[in-house]
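Worksheet for the structure shown next.
In what follows, every chain begins at residue 1, and chains take the letters A, B, ... in the order their sequences are listed.
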Number of protein chains: 2
Amino acid sequence: MPEPLCNLDSCFLCKHCMSEWKELIAIKKKTLLLKKGTLIFKEGSPVEGIFFLTEGAVKVYKQWGEERELIVRFAKAGDVLGHRGLGGKNLYPISATCLEDSKACYIPNNFLEATLQANPAFTYRLLQLYAGELQKAEQRMHDLALMEVRGRIALALQEIATLFGIDPEGYISISITRQDLASYAGTTYETVFKFFTDLIAQQIITTTGKRIKINKAPALQKFIG
Amino acid sequence: MPEPLCNLDSCFLCKHCMSEWKELIAIKKKTLLLKKGTLIFKEGSPVEGIFFLTEGAVKVYKQWGEERELIVRFAKAGDVLGHRGLGGKNLYPISATCLEDSKACYIPNNFLEATLQANPAFTYRLLQLYAGELQKAEQRMHDLALMEVRGRIALALQEIATLFGIDPEGYISISITRQDLASYAGTTYETVFKFFTDLIAQQIITTTGKRIKINKAPALQKFIG
DNA sequence: CGAGTCGTTGAAAGAATTCAACTTGTGTGG
DNA sequence: CCACACAAGTTGAATTCTTTCAACGACTCG
């Protein structure tokens, strides 16, 4: 069996899609380069395949009216994108936009379905992935419905720090706007702002430009618990 | 091929699990009878199988503290229960309780996994089911986060009417407490109450005991739009 | 240099929850 | 059959929290 084509531990594709290796090489070689801000797919457009993100960061969100949006989740290297389109109407129920420069493999539906048939283990693994995402989605549903705003913002910070990690200086390894944070926590820009002012005053967090550092995780936790 | 064992059009099991028919008959014969109010499974307990609901109605919910809960979804005849436990830690992330007398088939994990291996079509179909539920979960996440309370209550009424149908007299075919409605809409009992008072005053809905009838669907829709 | 946008802050308005009181209904024991 | 107690249903008022609005300052781009 050939070596995996990327060094990513979490590359779903390399780890679980061994059966169609030749085609996989072809797909890997056509890795898409996506600039920060690129719209990968848009709510309502037809689904023709799914994406495996191999590098970067992406926000997955739903829009409401012209102004408001809810960020459903963030995706990082190793995550799968657009797989919700599989069942039903074959229209993307959500949009996805790059938060940083990113790389992704695009798997057209016909190849995906061939793989699903030829490789039951892959299908089963994908099933588990879905089950996990369902759990996360329902947890998040719960958080958005029952927690109060400041708790949701604190939780958002914590989750983003865990997901994208922190750099050697202690800053969260992704630059995220207050607007995106608000969209993730299901609140408004100003509310995030005022809460940040509080957090900074209490030295629970520090900001340098758009970089955020969590100084006192336990204090942050208190807003969540 | 033998005839299906239940007349349910939407019985996922009969429609998609043809490969292990003998065992299926055995399972079908052991259909569980569940009285109204029965706790089918509880958050945090180990997953040993999944349920196919063949009759009745079930609420699937998460608890928070001792008092509050969020109803994640309702399940009716034909729906699958407990399948979120598949991936990960093998602990139920949610609880499920019967809203009415119900019937369900229980599929132990070992039989389920044998079926998944022997019957790729079944696995694929399950995958699509998951994708559909993910879409619904994310839509609901969006609704809970961005809509205001009265809109969420109106939407809850609409969804429940669609899901469980209406009887010949026009009443929603399930008796649901205001508390459950509040738990589904992510709000409090009293708020549902006050909104109901409004709706009844405007003759948008009528109630007789615990039965609810929607008289003016368009007027209800206005709170949602 | 000016205009405009973005970031920041305070004050007011609005919405929902909480609290508390009151009413209705139900079941039990006399 | 009645009286009482307790639980459930119902309503109003006040508090709390969040959003919205509006204004100000800073920074950027033309």
### Message
Using five base pairs at each end to define the local axes, how bent is the helix from C:dC1-D:dG30 to C:dG30-D:dC1, to the nearest 10°?
### Response
20°
### Task
Please report the closest heavy-atom contact between B:Phe164 and B:Ala57, naming both atoms and the distance.
CE2-CB, 3.5 Å
### Message
Has B:Arg152 got a side-chain atom pairing as donor or acceptor with B:Met147's backbone, closer than 3.5 angstrom?
### Response
yes
### Span of DNA chain C, from the first to the last nucleotide whose atoms fall under 4.0 Å of chain A heavy atoms
C:dG7 to C:dA11
### Query
Looking only at heavy atoms, what is the nearest atom pair of B:Gly151 and B:Ile224, with distance?
O-CG1, 3.9 Å
#### Entry: Where B:Ile71 and B:Tyr61 come nearest, the two heavy atoms and their spacing
CA-CB, 3.8 Å
### Message
Tell me whether B:Arg178 forms a cation-pi arrangement with B:Phe193, defined as NZ or CZ under 6.0 Å from the six-membered ring centre and within 45 degrees of its axis.
### Response
yes
### Message
If I take atom OG1 from residue B:Thr206 and atom CD1 from residue B:Ile212, how far apart are they, to the nearest 0.5 angstrom?
### Response
10.5 Å
Donor-acceptor pairs under 3.5 Å, side chain of residues 33-44 of chain A to any protein atom, not counting sequence neighbours: which ones?
| unit_1 | atom_1 | unit_2 | atom_2 | d |
| --- | --- | --- | --- | --- |
| A:Thr38 | OG1 | A:Lys35 | N | 3.2 |
| A:Thr38 | OG1 | A:Lys35 | O | 2.5 |
| A:Glu43 | OE1 | A:Gln63 | N | 3.2 |

## Note on the structure
Tightest non-hydrogen contact, residues A:Ala154 and A:Phe223, listed as CB-CB, 3.9 Å
### Message
Which residues in residues 184-193 of chain B have a heavy atom closer than 4.0 Å to any atom of DNA chain C?
### Response
B:Thr187, B:Thr188, B:Glu190, B:Thr191
### Summary
Span of DNA chain D engaged by chain B, first through last nucleotide within the 4.0 Å heavy-atom cut-off, is D:dG9 to D:dA13
### Query
Looking only at heavy atoms, which two atoms of A:Ala75 and A:Leu81 are closest? And how far apart?
CB-CD2, 3.9 Å
### Query
Should the pair A:Glu138-B:Arg140 be classified as a salt bridge under the 4.0 Å nitrogen-to-oxygen rule?
no
### Task
Please determine if A:Lys59 and A:Asp180 form a salt bridge, counting it only when a charged side-chain N lies under 4.0 Å from a carboxylate O.
yes
### Query
Using a heavy-atom distance cut-off of less than 4.0 Å, which residues of residues 152-160 of chain A contact DNA chain D?
none
### Query
For the residue pair A:Gly170 and A:Lys213, what are the closest heavy atoms and their distance?
O-CG, 3.4 Å
### Task
Would you kindly check if the NZ (Lys) or CZ (Arg) of B:Arg211 is within the cone defined by 45 degrees around the ring axis of B:Tyr171 and under 6.0 Å from the six-membered ring centre?
yes
### Query
Parallel, tilted or perpendicular: which fits the ring planes of B:His83 and B:Tyr130, with parallel below 30° and perpendicular above 60°?
perpendicular
## Note on the structure
d(A:Thr187 OG1, A:Leu70 CG) to nearest 0.5 Å is 11.5 Å
